[in-house]
Trainee: 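Input: one structure, supplied below.
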There are 2 protein chains.
Amino acid sequence: MRPVMRAPFRDQRGVAKYRHEVLGVVLRVGGGGSQGALGGGARLQVLARNRDHEPFAGMWALPGGPVEVSESMEEALARHLSAQLGLGSLRHREQLATFSDPGRDPFERTIATAYLGLVPCSDSSPGAAGVRWLDLADLPEMAFDHHLVVEQGAERLRGKVSYTNIAFALAPGEFTMAALRDIYRAVLGHEVDVTNLSRVLRRRGQIERVGTRAEPGSRGGRPPSTWRFTEDAYRVTDPFAVLGPARGR
Amino acid sequence: MRPVMRAPFRDQRGVAKYRHEVLGVVLRVGGGGSQGALGGGARLQVLARNRDHEPFAGMWALPGGPVEVSESMEEALARHLSAQLGLGSLRHREQLATFSDPGRDPFERTIATAYLGLVPCSDSSPGAAGVRWLDLADLPEMAFDHHLVVEQGAERLRGKVSYTNIAFALAPGEFTMAALRDIYRAVLGHEVDVTNLSRVLRRRGQIERVGTRAEPGSRGGRPPSTWRFTEDAYRVTDPFAVLGPARGR
DNA sequence: GATGTTTTCGACTTAGCGTCGAAAACTTTC
DNA sequence: GAAAGTTTTCGACGCTAAGTCGAAAACATC
């Protein structure tokens with residue numbers, strides 16, 4: 001139920017006029033566990049703001065805003081994320097796509113370039129008011145075409161997680177293989193075998209063992225080793241291999 | 001040796017001002033054979049125009065131009081390609097990325113959204129003057145950041161050719177396996193085994209046999225079967241497999 | 001000490017790409 | 001017309017790496 005387009009796309013002098021803005025699809029894997037820790041029910045989540053003005057007042061929207069003439073789109077994105085969310089730096093950022101459908105904004109002609117941003121689950125709550133992590137699996141209707149934008153961001157992440165080291169941006173500095181499995185499962189949307197995950201990531205040199213953790217809140221069982229990613233920058237690690245879905249299920 | 005930036009990024013009234021344009025990276029596999037036919041030396045080529053005005057007069061540039069306020073970027077792209085090149089429809093088109101570096105245009109602040117376009121080798125010569133197919137392997141210096149844009153387009157194609165059916169947009173309606181091998185080799189930049197290519201594409205249901213051709217200009221040898229792609233729309237055929245480079249070389 | 005739980009790792013299976021060589025199906029030459 | 005040469009096709013084998021499974025390790029609890 002979109003508002004009807006009502007303003008012409010030209011200013012008073014009849015000069016063509018449009019806005020260019022940036023949007024951030026900031027994703028994390030959260031929930032499922034007690035207090036920050038991941039658990040079996042960890043889900044992929046996106047950072048959204050509740051709009052307090054028309055159009056689409058009251059609906060959820062992606063953070064972002066206009067690009068100043070003297071700044072790059074990346075600078076504009078960082079500026080808006082910082083101002084609107086109190087969000088620090090992203091662990092990974094890449095351009096997604098530019099959305100330009102003339103009808104996507106009912107009031108103005110707005111061209112929006114969307115970026116995918118990733119933060120680890122350890123960075124927990126957004127500081128600003130009206131900002132929430134929304135589960136992608138159960139996304140409410142969103143303002144403008146932001147639903148589409150979010151879907152495209154998740155798609156990009158899903159595609160890259162199995163042949164790049166992009167998961168480094170979602171994982172905490174140190175983690176157990178079980179926690180990493182939860183992250184991969186949340187991103188891929190299907191069961192992931194720990195044995196296979198461990199072997200594949202080690203073979204590719206993506207992760208290395210840090211030590212063995214004496215877990216405080218342990219429920220028994222062999223104490224897990226802790227691991228970390230060997231690199232903290234995005235890299236294609238194996239264009240010829242993929243973590244497919246488990247065949248038996 | 002770029003011109004020095006000389007115009008401010010605001011108009012006479014001090015209002016922030018920038019242009020948004022579209023660019024087309026139109027690729028084909030051409031050359032290497034006599035008269036249109038492919039051959040062992042087939043190369044990946046990009047369609048470029050020779051600029052006749054500043055900035056970058058005399059240099060090669062990608063086709064494209066401004067987006068009108070009432071049209072979508074796809075419409076703008078089709079309009080510019082048709083007007084500047086006399087080029088008909090593209091067999092495949094997808095958005096590449098948006099280039100927004102404030103210094104990329106020395107005169108204005110120009111944000112450019114680039115599209116990848118593919119045409120089959122059978123569509124031979126561009127009609128307009130000052131337009132040429134340039135070999136990507138030996139690309140001259142280009143205007144603006146177009147060199148970067150072309151590189152990104154080729155990268156996208158290279159990445160997708162082995163796990164999608166995107167090659168349908170580069171191949172003629174009917175072809176022999178040898179001709180298809182030449183296309184894959186030109187795109188991937190390495191030797192491709194015909195046996196493997198045939199088996200993989202057949203297993204995925206990408207190609208089907210049409211018949212056996214009695215070749216007019218044959219030099220002897222067993223007459224090849226002719227093949228065609230089963231679909232004429234882009235589709236991801238196998239996210240879990242890739243045509244890697246030959247190991248022996 | 002026995003039991004239960006979680007993690008780790010080696011061993012086996014399977015799928016699919018890479019390679020090779022023989023056979024097929026033509027043209028050209030002697 | 002037979003032999004030689006060329007190109008294509010296809011079956012067969014090998015190898016790599018992902019997928020699976022179960023046993024052993026290393027803890028907590030009873």
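In what follows, every chain begins at residue 1, and chains take the letters A, B, ... in the order their sequences are listed.
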Trainee: Hey, can you pull the donor-acceptor pairs under 3.5 Å for the side chains in residues 147-155 of chain B, sequence neighbours left out?
Mentor:
residue  : atom : partner  : partner atom : Å
B:Glu151 : OE2  : B:Arg158 : NH2          : 3.3
B:Glu155 : OE1  : B:Arg158 : NH2          : 3.3

Trainee: Starting from C1' on C:dT8, measure out to CZ on A:Phe175 and report it in whole angstrom.
Mentor: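 Taking atom C1' of C:dT8 as the reference, CZ of A:Phe175 is at 16 Å.
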Trainee: How would you label the contact of A:Arg181 with the nucleic acid (heavy atoms, under 4.0 Å): base, sugar-phosphate, or nothing?
Mentor: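 No contact at all - A:Arg181 keeps every heavy atom at 4.0 Å or more from the nucleic acid.
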Trainee: Return the CD to CG distance between B:Gln45 and B:Asp138, rounded to the nearest 0.5 Å.
Mentor: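 Going from CD on B:Gln45 over to CG on B:Asp138, the span is 11.5 Å.
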Trainee: Choosing from D:dT9, D:dC10, C:dC17, which nucleotide comes nearest the side chain of B:Met177?
Mentor: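 It is D:dT9.
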Trainee: Nearest whole Å is fine: how far is C:dT7 P from A:Trp227 CH2?
Mentor: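 Taking atom P of C:dT7 as the reference, CH2 of A:Trp227 is at 13 Å.
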Trainee: Nearest whole angstrom, please: distance from the P of C:dT19 to the NE2 of B:His190.
Mentor: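 Value for this atom pair: 11 Å.
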Trainee: For B:Arg199 and B:Val194, take the nucleotide of DNA chain D holding the closest heavy atom to each; which residue's nucleotide lies nearer the 5' end?
Mentor: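 On the 5' side of the pair lies B:Val194.
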Trainee: So, does the side chain of A:Thr195 form a donor-acceptor pair with the base of C:dC9 at under 3.5 Å?
Mentor: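 Answer yes: a donor N or O sits under 3.5 Å from an acceptor.
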Trainee: Can you measure B:Glu191 atom CD to C:dT19 atom P for me and round it to whole angstrom units?
Mentor: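 Checked: the CD to P distance equals 10 Å.
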Trainee: Compare side-chain N and O positions of A:Ser225 against OP1 and OP2 of C:dT8 and report whether any pair is under 4.0 Å apart.
Mentor: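 For A:Ser225, the contact criterion (side-chain N or O under 4.0 Å from OP1 or OP2 of C:dT8) is met.
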Trainee: Distance check, rounded to the nearest 0.5 Å: A:Trp227 atom CH2 versus A:Thr230 atom OG1?
Mentor: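 Going from CH2 on A:Trp227 over to OG1 on A:Thr230, the span is 11.5 Å.
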Trainee: Can you give one letter per nucleotide of nucleotides 24-30 of chain C, going 5' to 3': B for a protein heavy atom under 4.0 Å from the base, S for sugar-phosphate only, - for none?
Mentor: BBBS---
Trainee: Return no unless some side-chain N or O of B:Arg203 is found under 4.0 Å from OP1 or OP2 of C:dC17.
Mentor: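 For C:dC17, OP1/OP2 do have a side-chain N/O of B:Arg203 under 4.0 Å.
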Trainee: I need the CG-C1' distance between A:Leu201 and D:dA17, as an integer number of Å.
Mentor: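 Distance, rounded to whole Å: 14 Å.
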Trainee: Mind calculating the distance between CG (A:Leu197) and P (C:dT8) to the nearest angstrom?
Mentor: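 It is 12 Å, rounded to the nearest whole Å.
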Trainee: Select one nucleotide: of C:dT19, D:dC10, C:dC17, the one nearest the side-chain heavy atoms of B:Asp193.
Mentor: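 The answer is C:dT19, which lies nearest to the side chain.
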Trainee: Considering residues at least two apart in sequence or located in another chain, which fulfil the salt bridge (charged side-chain N to carboxylate O under 4.0 Å, His left out) criterion with B:Arg93?
Mentor: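 Checked B:Arg93 against salt bridge (charged side-chain N to carboxylate O under 4.0 Å, His left out); zero matches.
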